[in-house]
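Basis for what follows: all heavy atoms, side chains included, without hydrogens, waters or symmetry-related copies. All values derive from a computational prediction rather than experimental measurement.
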Amino acid sequence: MSETTSSPTVAIIGAGPAGLIAAETLARASVTVSVYDAMPSPARKFLMAGRGGLNLTHSEELDTFLTHYGDARAVLEPMIRAFGPDALRQWCEDLGEETFVGSSKRVFPKSMKASPLLRAWLKRLGDLGVTLHPRHRWTGWNDGALTFETPDGPVARTADATLLALGGASWPRLGSTGAWTAILAAHDVPVTPLAPANCGFDVAWSDVFSERFAGRPLKTVTVSFDGRAVRGDAMITAHGIEGGAVYALSAPLREAIARDGPVPLAVDLRPDMSLDALIARLSRPRGKQSQTAFLRKAAGLAPEAIGLLREAAGKDLPTEPEALARLVKSATLTLTATRPIDRAISSAGGVSRAAVDSALMLRTMEGVFVAGEMLDWEAPTGGYLLQACFSTGVTAAQGMLSFMKGTAPQQ
């Protein structure tokens, strides 16, 4: 579809899931869509997510699903109800990629890859007339025109409406640098500072523990902080601890560290075993076994779990069965800091919720919409991140259509 036609024209900046689903929604409504992205190819972070199987969404009951968005639920709920997990699965299957529900109730494409889905998606977008402009780094506006840096020098483009879908600031090498925050701040758009989400945390491991166990998993543990407990897997790193169970608590942990400094994280290394049962096992005669061998056999602990017990104790492990069992059920680590945002899975913060209307148009910039991770919300891994990106992209596209028809909501 040519940009010289009389149909409405839209510029979408950012070729991630939010931007591309918005492009598809608009193109189906006969809008001329141009997508601009700083990278040489689209959806690089989406492709990276596919390395872990591409967890698209989650199959749990929707009211439960929505609780994972915390205080952003009120804003996101109507968008997710309008384009929710079932709609996302149907969209995926319409592209020829069947989905399945894993044992964790997470939803994946059967191929367990992002690349086949993205190839089919890009073909569909091309068939709909969407034009992709790679290597176009957005630099702001000049006399109402969008400005970009390109390999051939600066260019300017105009459109009837614009969608910003530039992501947050995690994994900047994949394109989401957060540089847009300064551009919007210069236009008086309120932006909550970006912060790491679904991130790891620093722990002052001993050199011996770090060298021996960095990169080893802690399988099926329960981590607890401030009255919240999450069961899952964690990973020991050279700097500290990360993994799905820790990510689910990253928001309250991050906020507590920022407010109070180092915080405790309790790790139950045997969540399937009651304290009394564990005491009984650890009360068996140890004989000539080393303490490590005894813990491995009696408590079923892996070497890395035993090493973590020693780190938590800060000295020799207790020999009295009840004290040792209590340590296994609540090995407390001191988290000293969040890992840097460029190593986080996602980011918190972004364009303030009060800065956009229900159609995701900026209140101070008519015709400019925002979607995806640029908005101020966060969620744990498990399909919640991609779902909200898709849902906000569809909402923004529908808002743009209403705006261009002169029927945008008055708020």
>> The test is side chain to side chain contact (heavy atoms under 4.5 Å, CB included); show your working for Q387 and F83 and say whether it passes.
In response: CA-CA 9 Å; Q387 179 66 63; F83 188 85; 4.3 Å; yes
> For V35 and I13, what are the C-alpha separation, side-chain angles and deciding distance, and is it a side chain to side chain contact (heavy atoms under 4.5 Å, CB included)?
Replying inline: CA-CA 6 Å; V35 180; I13 304 174; over 6 Å; no
>> Quick one, D276 with R281, criterion salt bridge (charged side-chain N to carboxylate O under 4.0 Å, His left out). Give me CA distance, side-chain angles, the key distance, then yes/no.
In response: CA-CA 9 Å; D276 287 344; R281 287 192 173 214; over 6 Å; no
>> Let's go through M374 and V191 carefully: what are the C-alpha distance in whole Å and the side-chain angles of both, what is the deciding distance for side chain to side chain contact (heavy atoms under 4.5 Å, CB included) to 0.1 Å, and is it a yes or a no?
In response: CA-CA 9 Å; M374 281 185 71; V191 176; over 6 Å; no
>> For a salt bridge (charged side-chain N to carboxylate O under 4.0 Å, His left out) check, start with the C-alpha distance between K110 and E97, then their side-chain angles and the critical distance, and finish with the verdict.
In response: CA-CA 7 Å; K110 284 189 175 180; E97 289 294 312; over 6 Å; no
> Can you list the steps and then say if R310 with T292 is a side chain to side chain donor-acceptor pair (under 3.5 Å)?
Replying inline: CA-CA 10 Å; R310 298 185 191 280; T292 296; 3.0 Å; yes
> Can you check side chain to side chain donor-acceptor pair (under 3.5 Å) on Q398 and T25, steps first, answer last?
Replying inline: CA-CA 8 Å; Q398 292 170 341; T25 304; over 6 Å; no
> Please walk me through it: do T139 and T147 pass side chain to side chain donor-acceptor pair (under 3.5 Å)?
Replying inline: CA-CA 6 Å; T139 55; T147 56; 2.7 Å; yes
>> I'd like to know whether I341 forms a side chain to side chain contact (heavy atoms under 4.5 Å, CB included) with L194, so could you lay out the CA-CA distance, the side-chain angles of the two residues, the decisive distance to 0.1 Å, and finally the verdict.
In response: CA-CA 8 Å; I341 194 169; L194 298 177; 4.0 Å; yes
> When you look at N198 and S346, which way does the side chain to side chain donor-acceptor pair (under 3.5 Å) test go after all the steps?
Replying inline: CA-CA 6 Å; N198 291 297; S346 59; 2.9 Å; yes
> F390 and W121: ring pair (Phe, Tyr, Trp, His ring centres under 6.0 Å), yes or no, with the steps?
Replying inline: CA-CA 13 Å; F390 277 96; W121 195 7; 5.7 Å; yes
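Between L249 and V223, some side-chain heavy-atom pair lies under the 4.5 Å cut-off. Counting only heavy atoms from C-beta outward, the side chains of R89 and V101 approach each other to under 4.5 Å. Using a 4.5 Å cut-off on side-chain heavy atoms (C-beta onward), D160 and P8 make contact. Residues F369 and I12 are not in side-chain contact: their nearest non-hydrogen atoms beyond the backbone lie 4.5 Å or more apart. L360 is listed as a side-chain neighbour of T392, based on a closest heavy-atom distance under 4.5 Å. Using a 4.5 Å cut-off on side-chain heavy atoms (C-beta onward), V10 and M400 make contact. Considering only heavy atoms from C-beta on, Y69 comes within 4.5 Å of I80 through its side chain. Using a 4.5 Å heavy-atom threshold, the side chains of L20 and L118 count as touching.
Using cut-offs of 30° and 60° on the angle between ring planes, the pair W141 and H187 is perpendicular.
Applying the side chain to side chain donor-acceptor pair (under 3.5 Å) rule to T338 yields no partners; only residues at least two apart in sequence or on another chain are considered. Applying the side chain to side chain donor-acceptor pair (under 3.5 Å) criterion to D86, with sequence neighbours excluded, gives no partner residue. Residues passing the salt bridge (charged side-chain N to carboxylate O under 4.0 Å, His left out) test with R254, sequence neighbours excluded: E378.
Using modelled atom types, no side-chain atom of N55 and backbone atom of R106 make a donor-acceptor pair closer than 3.5 Å. Judged by distance alone, the side chain of R135 and the main-chain N or O of T150 form no donor-acceptor pair under 3.5 Å. A donor-acceptor pair under 3.5 Å is formed between the side chain of S283 and the backbone N or O of I279. A donor-acceptor pair under 3.5 Å is absent between the side-chain atoms of S250 and the main chain of V246, judged by distance alone. S176 places no side-chain N or O within 3.5 Å of a backbone atom of S170 that could act as its donor or acceptor partner. Although no hydrogens or angles enter the test, the distance criterion places no donor-acceptor pair under 3.5 Å between the side chain of E211 and the main chain of V208. Without hydrogens or angle criteria, T9 side chain to T32 main chain gives no donor-acceptor distance under 3.5 Å. Checking side-chain atoms of D376 against main-chain N and O of A348 turns up no donor-acceptor pair under 3.5 Å. The closest donor-acceptor contact from the side chain of T332 to the backbone of P264 lies at 3.5 Å or more, if one exists at all. A distance-only check finds a donor-acceptor pair linking the side chain of R363 to the backbone of V356 [under 3.5 Å].
Remark: D272 engages R231 in a salt bridge, criterion side-chain N to carboxylate O under 4.0 Å. A salt bridge links R124 with E24; the closest basic N to acidic carboxylate O contact falls under 4.0 Å. Taking 4.0 Å as the cut-off between side-chain N and carboxylate O, R326 and D268 do not count as a salt-bridged pair.
In this model, a donor atom of one side chain and an acceptor atom of the other lie less than 3.5 Å apart for E373 and S347. No side-chain N or O of T177 forms a donor-acceptor pair with one of R137 less than 3.5 Å apart.
Here the straight-line distance linking atom CD1 of I345 with atom CG of L385 works out to 8.0 Å at 0.5 Å rounding.
The local environment of CZ in R216 is crowded, with over 12 non-hydrogen atoms from other residues, nucleotides or ligands closer than 6.0 Å. Heavy-atom neighbours of D207 CG from other residues, nucleotides or ligands within 6.0 Å: at or below the threshold of 12. The environment of CZ in R343 is sparse: at most 12 heavy-atom neighbours from other residues, nucleotides or ligands sit within 6.0 Å. Within a 6.0 Å radius of CG in D260, more than 12 heavy atoms belonging to other residues, nucleotides or ligands are found. Atom CD of Q289 is surrounded by more than 12 heavy atoms from other residues, nucleotides or ligands within 6.0 Å. No more than 12 heavy atoms of other residues, nucleotides or ligands shown are found within 6.0 angstrom of CD on E366. For R81, the CZ atom is densely surrounded, since the number of other residues' heavy atoms within 6.0 Å is greater than 12.
When all heavy atoms are compared, the tightest approach of G367 to M361 is N-SD, 3.1 Å. Taking all atoms of both residues into account, the shortest heavy-atom contact from A229 to T222 is CB-CG2, 3.9 Å. Across Y36 and H136, no two heavy atoms sit closer than the pair CD2-CD2, 3.7 Å. Between L26 and A397 the shortest heavy-atom distance is CD2-O, 3.5 Å. Taking all atoms of both residues into account, the shortest heavy-atom contact from E311 to A204 is OE1-O, 4.4 Å. Nearest heavy atoms, A197 versus A344: O-CB, 3.4 Å.
Checked against a 6.0 Å centroid threshold, the rings of F213 and W205 do not count as neighbours. No close placement of the F46 and W171 rings is indicated, their centers lying 6.0 Å or farther apart.
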